[in-house]
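Order of the sequence lines fixes the chain letters, A, B, ..., with proteins taken first and strands second; residue numbering starts at 1 for each chain.
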Amino acid sequence: MTKNVKVRFPPSPTGFLHIGGARTALYNWLFARHHNGKLVLRIEDTDQVRSTNEATQSILESLQWLGLDWDEGPYYQSQRLAIYQESVEKLLKQGDATYIDDPEKGRAVRFKVKDVVTDIEDLIHGKIKFDTALIEDFIIQKGDGFPTYNFACVVDDGLMEISHIIRGDDHISNTPRQIALYHALGFDLPKFAHIPMILGEDGTRLSKRHGATSAVEYREKGYLPEAIINFIALLGWSPGNDQEFMTKQEMIEKFSLKRVNKSSARFDTVKLDWMNSKYIRELPAEKLASSLHYFIEKAGFDTNHLSDAWLQKLAELYKERFKTLSEFMIQTYPFFSNEIEYDNKAVEKFLKKDGVSSLISNTHAELKELKTFSIKEIEDCLRKVTTHQGIGFGKLAQPLRVAIVGKSASAGIFETLELLGKEKSLNRLEYAMKAFL
RNA sequence: GGCCCCAUCGUCUAGUUAGGCCUAGGACACCGGGUUUUCAUCCCGGCAACUGGGGUUCAAAUCCCCAUGGGGUCACCA
């Protein structure tokens, strides 16, 4: 075990935290927690044009939502200019860097690559060879006085005594340049671990055209943070057995860079949906109901006068039928709205049939007599009707279902009626009789 | 294009470090069947992969080389 493990997650605030960044953050977090080390959060906002405060806030929020906390920071590179300046001067003095002037971009500083960089020993890839003759001199301080990525990154990692750099393997090609800087600046080399990238479903680099790619989008769609974490953890890492569901604690215990894959993975939404649905089903009724509030309001319904008990019952009743929280609203819309839409096919198939008219009006009359409108009474009542008519239960359940929720699929009919309540149920039946029978 | 990384079912992966226990295991998806008042859940069963070619070896998914394919990177972006 390495002593004094210290890692960092350094997002650049030019957009939302995307799924690849989230996983990088997760692996760093897992590694730090596993080794009882520290995780530093550093905002790399050295691009004055593209960095925004909204992006920073959004990234911080996403990390919190995912439950990834940090021990130091957030540090902002834009507030550490004097520190980089010091290193620039050191390199200038050493003759490792020179000024270059550009009439338009101003005065910049360029690092002279003379160091003979040896192969890097990557914790995931093993030896990676570079032809150092191919590495060209590069800018370390821009005309606006801000450091460039490669430079600020090395200065910070060196000063902050980062022990392991765990980042996407799209950074492999930056590594020899950074190593040259470590040498010139006199810092000890950290260990590198380049993790594979997450590709879109089509195998190309993740981008906007792949639909949802940011953490906030997944939250908006109703994915649970635990499901996202579990799912992305498995994109490039596995505990070594067939276990797929893990709590964060289990992941911390089992996480090891040795078990991180070298090859990139595709993001499979279908499997994420499945995993999310599993997590939803395991959520305690109370938590599920409270998570639902946001989505209920978003759908335009007031949650202030909503009964907790009622919502919990509804959530329990439907929890194994939806894969995301937003999908819950689609399915349970008839329970919230006074106006419902009727599916034409369902109406044709189950309502507009011989005998259904009298069946429904009979049922309506029987239900109206019920003093207690709860599952048991409703079931007894409906069973009585079908027995009396000498028909199978399905012959009543389906037309009834369509009449009260507008479609041929719903949770159990007794529960549905109970949760809808006597008044609404009877109203729906009356409406259906008038409109279709 | 130069340089770099990678390569097991459609997808995520186990197996590769220490070659034999692999007629390659699990999961998602898909296809059948069962349960059920519908849908979903759930249960049972099935389909499906070591990219190709050379080596090394008694033995290769596992080691080596080449080819092919995919990805990354070549900024005063990060």
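The C1' atoms of B:G46 and B:G1 are separated by 48 Å, rounded to the nearest whole Å. Comparing the same atom, C1', in B:C22 and in B:A61 gives a spacing of 9 Å after rounding to whole Å. Here the separation of B:C50 from B:A14, taken at their C1' atoms, is 13 Å to the nearest Å. As rounded to the nearest Å, B:C58 and B:C5 have P atoms that lie 32 Å from one another. Nucleotides B:G52 and B:G2 place their C1' atoms 26 Å apart, quoted to the nearest Å. Here the separation of B:U13 from B:A7, taken at their P atoms, is 11 Å to the nearest Å. With P as the reference atom, B:C9 and B:U51 are 7 Å apart, rounded to whole Å. Look at the P atom in both B:C74 and B:C66: the space between them is 26 Å, to the nearest Å.
Contact annotation: A:Thr46 side-chain N/O to B:A78 OP1/OP2 distance is under 4.0 Å. When the side-chain nitrogen and oxygen atoms of A:Arg50 are compared with OP1 and OP2 of B:A78, none of them lie within a distance under 4.0 Å. One finds a side-chain N or O of A:Arg259 lying less than 4.0 angstrom from the OP1 or OP2 phosphate oxygen of B:G15. Within the 4.0 Å cut-off from OP1 or OP2 of B:U13, at least one side-chain nitrogen or oxygen of A:Asn261 is found. For the OP1/OP2 pair of B:U16 and a distance below 4.0 Å, the side-chain nitrogens and oxygens of A:Lys258 include no atom meeting the criterion. Contact annotation: A:Arg321 does not reach the phosphate of B:C42 (side-chain N/O to OP1 or OP2, under 4.0 Å). Taking only side-chain nitrogens and oxygens, A:Lys142 comes nearer than 4.0 Å to OP1 or OP2 of B:A78. The shortest distance between the side-chain N/O atoms of A:Ser173 and the OP1/OP2 oxygens of B:C4 is not below 4.0 Å. When the side-chain nitrogen and oxygen atoms of A:His125 are compared with OP1 and OP2 of B:C6, one or more of them lie within a distance under 4.0 Å.
In this structure, B:C74 forms a base pair with B:G1, meeting either the Watson-Crick or the G-U wobble geometry with both donor-acceptor distances under 3.5 Å. In this structure, B:A24 forms no base pair with any nucleotide, since neither Watson-Crick nor G-U wobble geometry is met with both distances under 3.5 Å. Of the nucleotides present, B:G55 is the one that pairs with B:C63 by Watson-Crick or G-U wobble criteria, both distances under 3.5 Å.
A donor-acceptor contact under 3.5 Å links the side chain of A:Lys271 to the base of B:A27. No donor-acceptor contact under 3.5 Å links the side chain of A:Arg281 to the base of B:U41. Within 3.5 Å, a donor on the side chain of A:Asn174 pairs with an acceptor on the base of B:A78, or the reverse.
Looking at heavy-atom distances under 4.0 Å, A:His171 makes contact with a base. Within 4.0 Å (heavy atoms only), A:Ile413 reaches at least one base atom of the nucleic acid. Using a 4.0 Å heavy-atom criterion, one finds that A:Lys105 contacts the bases of the nucleic acid, with or without backbone contacts as well. A:Gly412 comes within 4.0 angstrom of a nucleotide base, judged by non-hydrogen atoms across all strands. Residue A:Arg383 is classed as having no contact, given no heavy-atom separation below 4.0 Å to the nucleic acid. Using a 4.0 Å heavy-atom distance criterion, A:Gly203 is classed as a sugar-phosphate-only contact. Residue A:Gly236 is classed as a sugar-phosphate contact, given heavy-atom separations below 4.0 Å to backbone atoms only. Using a 4.0 Å heavy-atom cutoff across all strands shown, A:Ser408 reaches at least one base atom of the nucleic acid. The residue A:Lys278 sits close only to the backbone: its heavy atoms come under 4.0 Å of sugar-phosphate atoms, none of a base.
For A:Phe130, the side-chain atoms get nearest to B:C4 when compared with the rest of B:C4, B:C12, B:G71. Of the candidate nucleotides B:U37, B:G71, B:A78, B:G71 has the atom lying nearest to any side-chain atom of A:Leu199. Among B:U37, B:C5, B:C39, the nucleotide with an atom closest to any side-chain atom of A:Phe414 is B:U37. For A:Met197, taking side-chain heavy atoms from C-beta onward, the closest of the listed nucleotides B:G72, B:C5, B:A27 is B:G72. Nearest nucleotide to the A:Ser263 side chain, out of B:C6, B:U41, B:U37: B:C6. Here the nucleotide nearest the side chain of A:Leu235, chosen from B:C76, B:C12, B:U37, is B:C12. Here B:G26 is the nucleotide among B:A29, B:G26, B:U11 with the atom lying nearest to any side-chain atom of A:Glu244. When distances run from any side-chain atom of A:Asp268 to the nucleotides B:U11, B:A78, B:U37, the shortest one goes to B:U11.
A distance of 6.0 Å or more separates the ring centres of A:Tyr223 and A:Phe231. In this structure, the ring of A:Tyr27 has its center no less than 6.0 angstrom from the ring center of A:His164. The distance between the ring centers of A:Phe322 and A:Phe295 does not fall below 6.0 angstrom. For an aromatic pair to be called close, the ring centres must be under 6.0 Å apart, and A:Phe245 with A:Tyr279 satisfies this. Checked against a 6.0 Å centroid threshold, the rings of A:Phe393 and A:Phe414 count as neighbours.
In this structure the side chain of A:Pro334 never reaches within 4.5 angstrom of the side chain of A:Leu420, judged on heavy atoms.
When all heavy atoms of A:Thr324 and A:Asn276 are compared, the pair lying nearest together is CA-ND2, 3.6 Å.
When each of A:Ala265 and A:Lys127 is assigned the nucleotide of RNA chain B bearing its nearest heavy atom, the one mapping closer to the 5' terminus is A:Lys127. Between A:Asp45 and A:Asp170, the residue anchored nearer the 5' end of RNA chain B, judged by the nucleotide with its closest heavy atom, is A:Asp170.
In this structure, A:Ile391 places its CD1 atom 14 Å from P of B:U37, rounding to the nearest Å. Between A:Trp237 atom CH2 and B:A14 atom P there is a gap of 11 Å when expressed in whole angstrom units.
No donor-acceptor distance shorter than 3.5 angstrom exists from the side chain of A:Tyr182 to the backbone of A:Gly158, with no hydrogens or angles considered.
If you take CH2 on A:Trp237 and NZ on A:Lys258, they are separated by 14.0 Å, rounding to the nearest 0.5 Å.
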